[in-house]
Amino acid sequence: MSFPLLTATAALPAIGAIATAAVPAAQRTAAKWLALIVSLGTLVLAGIVFARFEPGGDRYQLTESHAWIKDFGVRYELGVDGIGVALLALTALLIPFVILAGWHDADPLETKSSRWRPTQGFFALILMVEAMVILSFEATDVFLFYILFEAMLIPMYFLIGGFGDRAHAGSDENAAAQRSYAAVKFLLYNLVGGLIMLAAVIGLYVVAGSFSLAEIVEARANGSLEMASSTERWLFLGFFFAFAVKAPLWPLHTWLPNAMGEATTPVAVLITAVVDKVGTFAMLRFCLQLFPEASKWATPVILVLALISIIYGALLAVGQRDIKRLIAYASISHFGFIVLGIFAMTSQGQSGATLYMVNHGLSTAALMLVAGFLITRRGSRLIADYGGVQKVAPVLAGTFLIGGLATLSLPGLAPFVSEFLVLVGAFSAYPAAGIVATLGIVLAALYVLVLYQRTMTGPVTEGVRSMPDLKVRELAVALPLIALLIFLGVFPKPLTEVVNPAVQHTLHDVQKKDPQPEVEAAK
């Protein structure tokens, strides 16, 4: 038996989470270093997975398959395609930055209500989320994926509800109530989606007699498994609803601004840059592959929802007074672009959507983490409390600007490539949708540049006057992310050559081909 590399990549952070939680209460610094070392070890394993993946090879590689619950046909099946390996690498890459950025976020405060905030628990929960997300990108058994899809809600609930934004430290009771509301709302929305998905998972097993993704797709391709049109559509809706909540897609998005606003900044990054990607990834892996005809049937409505998400999220971002909520609504707009690319069902659109997941993770992490450093210094999330930051902290302002420019998809930075591909794919299949989506680019420039102008330029406000610039630990978080945004903006080939074959397989499953351009014959 070959070395179970995929299992090891997920097992290391899971074991690290247990070890971190077991560190004695007085050894907070040791717990932090242990969590960081484990996350770096996971990154090394993820790098090996990425390096061993052969873009021109089998669709699913590094596969593992073991019997789990024999009576119900459930197996422990893992495998990665180009889409999964790209998102696995993104997850492993971001977690060390999340840990570094949150180095002091769980340190005990001098208030009674915060005595139950164990540093060890904070970092252990982050590692546990990492383990579950990585396994979800690897799972090729539908039931195994469902278990992971639901289980990751528990550590996220405690991270949101138990470790709140330090900008609210001065009003403990009100802050605790808001954290509790955000955490419960996050949990309830996602649990409802998960319960509906569970019904669909059971229905799929009744119809197909298997939970194995590969077996079901193969049976559908060779004609040995036929689903009634109505059955396939109901099952598709059950899966898609759960993924749309996780994504989040309008109108199932309302939990995200609350969760990101009340969580610590690193946890906010964990939500939108890591956990939410499971939803859009699952649309590609499960909705399109398991239910190809239903996916095409639902496409017009889903495209409308994606366009509403793009415009609605961007408009609300323009009107925000809270920095973190502005970034949250911007993410809703960006997830609309991702869903648009997926259901345009063109090679450019789906390649762009996958790259968008990766690049959005990098750009949002860069912008949100630097914004977190800013908020920690001032003790406020309100845009009106800032002004003139670039005069007293030029490095902080510069990194904030680059993160913002990446968010608005400036050419030369990584998100531009993905957004361009999504729009090309949308225009080629649905020109009207492409035209409407383009408005989102204009609105993105508006909310990002207005945010920068109001916080970084102008007269220096009183609360900003003594603000220090970024320190070594903070530079270690911001600079590598910015370097990656620039590198992938000018040289996206390392990702595109891995993603494109997987996209072609998905298009083959739904029997879609790229529209041919209409060229008038020369007279």
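To the nearest 0.5 Å, atom CG of residue L374 and atom OG1 of residue T265 are 10.0 Å apart. Rounding to the nearest 0.5 Å places CE of M197 at 12.0 Å from CG of N190. Once rounded to the nearest 0.5 Å, the distance linking NE2 of H253 with CD1 of I332 reads 4.5 Å. The CG atom of L144 sits 11.5 Å away from atom CG of L213, with the distance rounded to the nearest 0.5 Å. For the atom pair I302 CD1 and K296 NZ, the distance stands at 13.5 Å (nearest 0.5 Å). Note that CG of L315 is 12.0 Å distant from OH of Y329, once rounded to the nearest 0.5 Å.
The two residues L488 and A414 have their closest heavy-atom pair at CB-CB, 3.7 Å. Residues L485 and S363 come closest through the heavy atom pair CD2-N, 3.7 Å. The shortest heavy-atom contact between S333 and I310 is OG-O, 2.8 Å. Listed here is the closest heavy atom pair of V269 and A365: CG1-CB, 3.8 Å. Contact detail for G194 and A242: the closest heavy-atom pair is N-CB, 4.3 Å. The minimum heavy-atom distance between A502 and G82, with the atom names listed, is CB-N, 3.7 Å.
Using cut-offs of 30° and 60° for the angle between ring planes, the Y356 and H334 rings count as tilted. Under the 30°/60° scheme for interplanar angles, the aromatic rings of Y146 and F143 are found to be tilted.
When atom types are taken as modelled, the side chain of E232 and the backbone of A294 share a donor-acceptor pair closer than 3.5 angstrom. In this structure a side-chain-to-backbone donor-acceptor pair under 3.5 Å is missing from E138 to L78. Looking at E215, its side chain never comes within 3.5 Å of a backbone N or O of F211 through a donor-acceptor pair. Between the side chain of Q289 and the backbone N or O of R285, at least one donor-acceptor pair lies under 3.5 Å. Although no hydrogens or angles enter the test, the distance criterion places no donor-acceptor pair under 3.5 Å between the side chain of S309 and the main chain of G336. A donor-acceptor pair is defined here as one N or O able to donate and one able to accept, closer than 3.5 Å; such a pair exists between the side chain of W255 and the backbone of V245. Looking at T119, its side chain does come within 3.5 Å of a backbone N or O of A106 through a donor-acceptor pair. No donor-acceptor pair under 3.5 Å is formed between the side chain of T364 and the backbone N or O of G361. Between the side chain of T376 and the backbone N or O of G372 there is at least one donor-acceptor pair closer than 3.5 Å. A distance-only check finds a donor-acceptor pair linking the side chain of S295 to the backbone of C287 [under 3.5 Å].
When only modelled atom types and interatomic distance are considered, S331 and T272 share a side-chain donor-acceptor pair under 3.5 Å. Looking only at atom types and distance, the side chain of E77 has no donor-acceptor partner in the side chain of T63 under 3.5 Å away.
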Chi angles and distances behind the side-chain contact (heavy atoms from CB on, under 4.5 Å) call for F163, R179: CA-CA 8 Å; F163 303 91; R179 286 200 306 272; over 6 Å; no

Residues V274, V98; criterion side-chain contact (heavy atoms from CB on, under 4.5 Å); working and verdict: CA-CA 11 Å; V274 176; V98 167; 5.9 Å; no

Criterion side-chain hydrogen bond (donor to acceptor under 3.5 Å, both in side chains) on Y189 and T254, from CA distance to verdict: CA-CA 9 Å; Y189 267 67; T254 58; 2.7 Å; yes

Candidate pair T7 and E64, rule side-chain hydrogen bond (donor to acceptor under 3.5 Å, both in side chains), full reasoning: CA-CA 8 Å; T7 294; E64 303 173 30; 2.4 Å; yes

I134 and E130: CA distance, side-chain angles, deciding distance, side-chain contact (heavy atoms from CB on, under 4.5 Å) verdict: CA-CA 6 Å; I134 287 176; E130 178 183 23; 3.8 Å; yes

CA sep, side-chain torsions, deciding dist, call: V498, F53, side-chain contact (heavy atoms from CB on, under 4.5 Å): CA-CA 8 Å; V498 168; F53 185 84; 4.0 Å; yes

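Ion pair D322/R381 flagged as a salt bridge, since at least one NZ, NE, NH1 or NH2 atom sits closer than 4.0 Å to an Asp/Glu carboxylate oxygen. Between D509 and R220 there is no salt bridge, since none of the side-chain N atoms of the basic residue sits less than 4.0 Å from a carboxylate O of the acidic one. A salt bridge does not link D105 with K32: every distance from a Lys NZ or Arg NE/NH1/NH2 to an Asp or Glu carboxylate oxygen is 4.0 Å or more. Classification of E262 and R325 as a salt-bridged pair fails, no side-chain N sitting under 4.0 Å from a carboxylate O.
Annotation: side chain of T299 is in contact with side chain of L303 (closest heavy-atom distance under 4.5 Å). Side-chain contact check for F122 versus T264: some heavy-atom pair is nearer than 4.5 Å. With a 4.5 Å cut-off on side-chain heavy atoms, V422 and Q350 do not count as touching. For the pair P248 and D276, the minimum side-chain heavy-atom distance is below 4.5 Å. No side-chain heavy atom of L270 sits under 4.5 Å from any side-chain heavy atom of V133. No side-chain heavy atom of V85 sits under 4.5 Å from any side-chain heavy atom of V499. Counting only heavy atoms from C-beta outward, the side chains of V80 and F137 never approach each other to under 4.5 Å.
For F335 and H360, the ring centers sit closer than 6.0 Å to each other. A ring-centre distance under 6.0 Å is not found for W68 and Y76. Close placement of the F145 and F286 rings is indicated, their centers lying within 6.0 Å of each other.
For the pairing with F343, the side chain to side chain contact (heavy atoms under 4.5 Å, CB included) check across V339, L340, T346 returns one residue only, V339. When each of F243, F239, F240 is checked for a ring pair (Phe, Tyr, Trp, His ring centres under 6.0 Å) with F291, only F239 meets the rule.
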